Amino acid sequence: MPDKSFLSAVLLRANPCEEYKMRIEQDLKLGFKDVLIRPKRSTLKSRSQVDLNRQFTFKHSGKTWTGVPIIAANMDSVASFEMATSLAQHNIMTAVHKHYSVEQWGEFVANQSPDVLQHVMVSSGTSDADFIKLSEILALSDALNFICIDIANGYSEHLVDYVRKVRQAHPMKVISAGNVVTGDMVEELIIAGADIVKVGIGPGSVCTTRVKTGVGYPQLSAIIECADAAHGLGGQIIGDGGCSCAGDVAKAFGGGADFVMLGGMLAGHEQSGGEIIEQDGKKLVKFYGMSSQSAMDKHSGGVAKYRAAEGKTVLLPFKGNVDNTVNDIMGGVRSTCTYVGAASLKELTKRTTFIRVQEQENNVYGKE
């Protein structure tokens with residue numbers, strides 16, 4: 001008769017879920033620093049010929065939107081009402097941070113044209129209070145069509161349940177939810193009711209999740225894999241985090257991101273809403289991650305004992321009007337399109353071939 005160890009081995013092979021096993025994935029995963037875009041023949045004579053506007057019809061809401069698919073990140077030192085007003089002039093969206101009151105939203109909505117409001121996302125957490133507040137804000141204007149449901153760990157079953165709840169309550173609104181970095185969760189969120197899934201864990205300039213938790217995913221590979229999953233179901237993704245220059249924005253679009261969300265690149269401007277500090281006669285702006293000590297001191301009464309802060313607080317040089325930065329970003333992406341022969345942003349992914357590199361630029365005179 002077989003001994004017990006033999007039977008245990010047979011049963012384990014038949015039921016591999018009986019025992020958890022650590023796994024190592026050997027496939028190479030890439031960030032923006034690991035690649036460049038290979039140039040291709042082009043018939044374009046000028047950057048001015050490139051159209052950066054895209055039109056999307058969203059899976060669940062059925063709404064159609066046209067604009068430049070860049071989004072100011074829902075951080076309270078970036079995505080202010082002032083930022084939303086400025087970026088709307090460029091046909092760019094703002095995921096207004098969730099810490100404005102309903103009354104403040106009411107004042108903002110009363111003074112804005114529907115065109116500005118159509119470039120605004122209403123950000124929300126996933127508590128019962130957040131749900132009530134979200135509904136009250138959306139009721140202020142029919143022009144508020146976009147919802148940004150945002151939690152740090154999009155793998156929580158609670159997020160999926162909340163997306164279903166919001167979809168049921170607001171069937172005609174465009175729902176974005178995240179953050180995740182793998183195709184399986186993208187598919188689950190889209191099936192639950194999300195039109196758009198926000199992709200990125202740990203790549204942000206003031207995010208320390210990867211250091212504090214050891215969890216994350218190189219952002220370019222996350223975008224490539226998640227875009228594939230989303231597009232197969234008729235959904236879209238937002239590449240959220242990791243962009244430090246216009247070239248990174250272009251790489252995100254080239255990798256398949258439908259939208260690209262920017263935090264640090266849009267921080268430090270007069271429209272950003274960050275606290276301005278003067279040191280040695282220079283203007284500096286406070287910028288911090290939304291899981292940082294600074295953010296939790298401001299909005300949550302400090303860091304709870306059961307968790308750690310997962311964000312940095314930094315001081316940035318004051319950058320002036322955001323219009324200059326936006327024009328620089330859009331100019332860079334247009335130039336990318338001319339290098340690969342893409343007459344429109346929609347064509348960029350089809351025209352993109354990434355090459356792996358070990359260096360990005362010549363830094364003999366410092367970084368750009």
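All heavy atoms count here, side chains included; hydrogens, waters and symmetry mates do not. What you see is a predicted model; the values in this text were computed from it and never measured.
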TODO: Can you see which heavy atom on Cys148 is nearest to which on Lys198, and at what distance?
DONE: SG-CE, 3.8 Å
Task: In one Ile/Leu/Val/Met/Phe/Trp/Tyr side-chain cluster, 4.5 Å: Val260, Met75 - done: yes
Open item on the list: Using a 6.0 Å cut-off, check whether atom NZ of Lys165 has over 12 heavy atoms from anything other than its own residue.
Closed with: yes
Task: From CG (Asn153) to OG1 (Thr209), nearest 0.5 Å - done: 9.5 Å
Task: Closest heavy-atom pair and its distance - Val199, Cys226 - done: CG2-CB, 3.6 Å
TODO: Not counting sequence neighbours, list each pair that qualifies as a ring-ring contact (aromatic ring centres under 6.0 Å, His included) and has a residue in residues 319-365.
DONE: none
Open item on the list: Applying side chain to side chain contact (heavy atoms under 4.5 Å, CB included) to Arg334 and Leu345, what does each step give before you reach the verdict?
Closed with: CA-CA 8 Å; Arg334 285 193 190 95; Leu345 188 57; over 6 Å; no
Open item on the list: I need the single residue from Ile92, Thr325, Ile70 that forms a side chain to side chain contact (heavy atoms under 4.5 Å, CB included) with Leu262. Which is it?
Closed with: Ile70
TODO: Following the transitive rule for hydrophobic clusters with a side-chain heavy-atom cut-off under 4.5 Å over Ile, Leu, Val, Met, Phe, Trp and Tyr, establish whether Met330 and Met93 coincide in one cluster.
DONE: no
Task: Donor-acceptor pair, side chain of Lys40 and main chain of Arg351, under 3.5 angstrom - done: yes
Open item on the list: Test of understanding: clusters of I, L, V, M, F, W, Y form through side-chain heavy atoms closer than 4.5 Å, transitively. Do Leu220 and Val333 belong to the same one?
Closed with: yes
Open item on the list: Would the distance check show the side chain of Tyr162 and the main-chain N or O of Gly125 forming a donor-acceptor pair, the cut-off being under 3.5 Å?
Closed with: yes
Open item on the list: Is it the case that the side chain of Gln104 and the backbone of Ser101 share a donor-acceptor pair, with hydrogens and angles ignored and the cut-off at 3.5 Å?
Closed with: yes
Open item on the list: Testing Lys63, Arg167, Lys59, Lys173 one by one against Asp195 for a salt bridge (Lys or Arg N to Asp or Glu O under 4.0 Å), which residue passes?
Closed with: Arg167
Task: Cluster check Val78, Val249: I/L/V/M/F/W/Y, side chain < 4.5 angstrom - done: yes
Open item on the list: Please check: side-chain N/O of Asn327 versus main-chain N/O of Asn324, any donor-acceptor pairing under 3.5 Å?
Closed with: no
Open item on the list: Would you say Ile190 ends up clustered with Ile175 if hydrophobic residues are merged whenever their side chains have heavy atoms under 4.5 Å apart, either directly or through other cluster members?
Closed with: yes
Open item on the list: Could you walk me through whether Phe253 and Phe259 satisfy the ring-ring contact (aromatic ring centres under 6.0 Å, His included) test, starting with their C-alpha distance in whole Å, then the side-chain angles of each, then the deciding distance to 0.1 Å, before giving a yes or no?
Closed with: CA-CA 7 Å; Phe253 284 128; Phe259 296 85; 8.5 Å; no
- [ ] Can you measure from CD (Gln112) to CG (Leu144) and round to the nearest 0.5 angstrom?
- [x] 10.5 Å
TODO: Begin from the C-alpha positions of Val174 and Ile147 and carry the test side chain to side chain contact (heavy atoms under 4.5 Å, CB included) through to its verdict.
DONE: CA-CA 6 Å; Val174 181; Ile147 298 168; over 6 Å; no
- [ ] Report the distance from atom OG of Ser80 to atom CD of Glu82, rounding to the nearest 0.5 Å.
- [x] 4.5 Å
- [ ] Answer yes or no: does atom CD of Glu359 have more than 12 heavy-atom neighbours from other residues, nucleotides or ligands under 6.0 Å?
- [x] no
Open item on the list: Within a 6.0 Å radius of atom NZ on Lys283, are there more than 12 heavy atoms belonging to other residues, nucleotides or ligands?
Closed with: no
TODO: Tell me, with the steps shown, if Tyr100 and Phe108 meet ring-ring contact (aromatic ring centres under 6.0 Å, His included).
DONE: CA-CA 10 Å; Tyr100 284 119; Phe108 172 69; 8.0 Å; no
TODO: Mark yes when over 12 heavy atoms from residues, nucleotides or ligands other than Glu157 sit less than 6.0 Å from its CD; otherwise mark no.
DONE: no
TODO: Would you check, one step at a time, whether the test side chain to side chain donor-acceptor pair (under 3.5 Å) holds for Thr338 with Ser42?
DONE: CA-CA 7 Å; Thr338 63; Ser42 173; over 6 Å; no
Task: Separation of Cys207 SG from Ile201 CD1 (nearest 0.5 Å) - done: 9.0 Å
Task: side chain to side chain contact (heavy atoms under 4.5 Å, CB included) between Ser244 and Met265, intermediate numbers included - done: CA-CA 6 Å; Ser244 61; Met265 290 183 71; 5.6 Å; no
TODO: Kindly give the heavy-atom pair with the smallest separation between Asn91 and His119, and that separation in Å.
DONE: OD1-NE2, 2.7 Å
Open item on the list: What verdict does the side chain to side chain donor-acceptor pair (under 3.5 Å) test give for Ser113 and Asp115, after you've listed the backbone C-alpha separation in whole Å, the side-chain angles of each residue and the deciding distance to 0.1 Å?
Closed with: CA-CA 5 Å; Ser113 68; Asp115 184 61; 5.1 Å; no
Open item on the list: So for atom CZ, which belongs to Arg47, do other residues, nucleotides or ligands contribute more than 12 heavy atoms lying within a distance under 6.0 Å?
Closed with: no
TODO: Please answer whether the main-chain N or O of Val211 pairs with a side-chain N or O of Thr208 as donor and acceptor at a distance below 3.5 Å.
DONE: no
TODO: Using modelled atom types only, decide if a donor and an acceptor are shared between the side chain of Lys133 and the backbone of Lys98 within a distance under 3.5 Å.
DONE: yes
- [ ] State which residue, out of Thr94, Thr85, Asn321, fulfils the side-chain hydrogen bond (donor to acceptor under 3.5 Å, both in side chains) condition with Gln271.
- [x] Asn321
Open item on the list: Main chain of Ser46, side chain of Gln49: is a donor-acceptor contact present, judged purely on distance under 3.5 Å?
Closed with: yes
- [ ] Using the ring of Tyr217 (Phe, Tyr or Trp, six-membered ring only), decide whether Lys29 places NZ or CZ under 6.0 Å from its centre and within 45 degrees of its axis.
- [x] no
Open item on the list: Looking at Gln360 and Lys33, would you say the former's side chain and the latter's main chain have a donor-acceptor pair under 3.5 Å?
Closed with: yes
Task: Neighbour count above 12 (heavy atom, 6.0 Å) for Asn363 CG - done: yes
- [ ] Applying side chain to side chain contact (heavy atoms under 4.5 Å, CB included), run through Ser135 and His170 and close with a yes or a no.
- [x] CA-CA 8 Å; Ser135 298; His170 304 287; 3.2 Å; yes
TODO: Output yes when Asp161 and Arg164 qualify as a salt bridge under the 4.0 Å nitrogen-oxygen rule, no when they do not.
DONE: yes
Open item on the list: What's the separation between atom CG in Asp258 and atom CZ in Phe56, rounded to the nearest 0.5 Å?
Closed with: 4.5 Å
Task: Donor-acceptor contact below 3.5 Å, side chain His99 vs main chain His97 - done: no
